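Okay, structure first, notes after.
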2 protein chains.
Amino acid sequence: MSEPTTRHPTPAHVTLAVVLQVRDGVLQALLWQRAREPFKGRWSLPGGYLAERDTLEDSIRRHLAEKVDVRELSHLEQLETLSDPTRSPREWQLATAYLGLVPSDIDPELPGDTDWHRVDDLPPLAFDHGSIVLAGRERLRAKLSYTNLGFALAPDEFTISELRDLYAAALGHDVSATNLQRVLLRREVLEPTGRQRASGPTGGRPGSLFRFRTSELEITDQFAVLRPPGPARLPVA
Amino acid sequence: MSEPTTRHPTPAHVTLAVVLQVRDGVLQALLWQRAREPFKGRWSLPGGYLAERDTLEDSIRRHLAEKVDVRELSHLEQLETLSDPTRSPREWQLATAYLGLVPSDIDPELPGDTDWHRVDDLPPLAFDHGSIVLAGRERLRAKLSYTNLGFALAPDEFTISELRDLYAAALGHDVSATNLQRVLLRREVLEPTGRQRASGPTGGRPGSLFRFRTSELEITDQFAVLRPPGPARLPVA
DNA sequence: AAGGTTTGCGACTATGGGGCGAAAACTATG
DNA sequence: CATAGTTTTCGCCCCATAGTCGCAAACCTT
């Protein structure tokens, strides 16, 4: 395992990102239209070749920077590494896929070959990118349930109704605002800001504003089902 | 993204596996003692370079076959790909780590340089292998809670007490046999075989034997916390 | 038959989540 | 200024899941 690289054939390595955002109340992915063969003209995930001295995360950040302002990414995590030898028709190429998230209040400037597409209604994608997008969506859905990952989809401040719409778009089904508030408050994921949103155009009671306590990913430990013996997590306080 | 490999420098790529088994009531990992520099003499994870036309999973299976009978692996899944440019002192090397599991009733033949080590009491490991082992253990612990992954730690048939000991060893804390049985039966993960184990050397009531319904990984959907509207999963029947 | 040991299981409790409807807080309109 | 319409908030009740406890059952040995 200590031999120099030259003794072993090495595959090309690219990084790809599934960048998701709730736009117009719908979960959308950032795609880019290929200018060259193979798959010329097809939509595909942003990314590119790994450069020397870059970690995979450096690499995907660098490539994404050509499409969007990377500082607007609220979350980035590795999804999986794909290695089917036939996944690229031209070369032996591995791909490490990342999941990136953008808060819903951001509208990044995009180059002409890049645009958002509804995840529920994707065009045919290049390579195996279609399945990668779905893997990213599944990861998002799962983590919304048992982590505080919602922070990565939401603006700094929001009402419960607004947050409900974000969750509903990402999860793909209706979400009860009552439940959402109770669950996230009990888990101490959300906290009230004390302020209120001015009421909307159709009137109605103005909603209180909340924020996520932290923008670091935290796992709700309640999900360790076969718990260690002892008292529960959050005493009645 | 369509250029031939030669236009881009490519890193060496190795696959590694954290192979875990409950042995002597304790979670242990399969390690191998390096014969050469770097890290000569240190314990490290089994694995090796990726060969052409191999997927990553092919690769790790092939390398593991040199250490154990791969047919005895009850589960194998990708963990993560490590890319710190300094993770290997000699070359630019990426590593894709896998988690492998072996049922507790198996005692594979091992080559002389290979042995089991308690995960709670590991020697210093080569490269970043120490953190990889811990990542593997964390993945196992999480999935034991919300999937049927226990099948990969257990023999074909077992009593609840035996299964409890396996869970306790993997989870690192006591587990209630009553709870374990109720939870896994309700989830329809376990089923009774109808048979019984002869009672042990110290006497006592003989335990009924159970088996896992399937050896395919299944996720308990109960863990989608913000559920879609509608009735619960398993009606009283 | 008696005592020791382990498993099986029912009863009770605690906790977290879902559903529903009434009350509250606003706007717009007359 | 009252009334109607809209949206948010919140309390209440129910249910599903799981953690705890203790006794009964089933087996052994002596």
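Nothing here was measured: the structure is a model prediction, and the numbers come from that model. Computed from heavy atoms alone, side chains included, the values below leave out hydrogens, waters and symmetry copies.
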Closest listed nucleotide, where the reference is the side chain of [X] and the choices are [options]:
X: A/Thr202; options: C/dG17, D/dT6, D/dG19; value: D/dT6
X: B/Arg205; options: D/dT6, D/dA25, D/dG19; value: D/dA25
X: A/Thr178; options: D/dA24, C/dG17, C/dG21; value: C/dG21

Atom-to-atom span, [atom1] of [X] to [atom2] of [N] - whole angstrom:
X: A/Gln181; N: C/dG16; atom1: CD; atom2: P; result: 17 Å
X: A/Leu184; N: C/dG18; atom1: CG; atom2: C1'; result: 14 Å
X: A/Asn179; N: C/dT15; atom1: CG; atom2: P; result: 19 Å
X: A/Leu185; N: C/dG16; atom1: CG; atom2: P; result: 14 Å
X: A/Tyr167; N: C/dG18; atom1: OH; atom2: P; result: 13 Å
X: B/Glu162; N: C/dT7; atom1: CD; atom2: P; result: 8 Å
X: A/Glu188; N: C/dT15; atom1: CD; atom2: P; result: 15 Å
X: B/Leu190; N: C/dG8; atom1: CG; atom2: P; result: 12 Å

Using the ring of each side chain (for Trp, its six-membered ring), is A/Phe212 parallel, tilted or perpendicular to A/Phe158, with breaks at 30° and 60°?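 Tilted, since the angle between the ring planes falls between 30° and 60°.
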
Select from A/Gly203 and A/Arg182 the residue whose nearest nucleotide in DNA chain D is closer to the 5' end of that strand. A/Gly203

Distance check: side-chain N/O of [X] vs OP1/OP2 of [N], anything under 4.0 Å?
X: B/Gln196; N: D/dC27; result: yes
X: A/Arg187; N: C/dG16; result: no
X: B/Ser161; N: C/dT7; result: yes

Should the pair [X]-[Y] be classified as a salt bridge under the 4.0 Å nitrogen-to-oxygen rule?
X: B/Glu218; Y: B/Arg187; result: no
X: A/Arg137; Y: A/Asp120; result: yes
X: B/Arg211; Y: B/Asp156; result: no
X: B/Glu157; Y: B/Arg197; result: no

Find which nucleotide of DNA chain C each of B/Arg164 and B/Leu226 is nearest to by heavy atoms, and output the residue with the more 5' nucleotide.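 The residue mapped nearer the 5' terminus is B/Arg164.
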
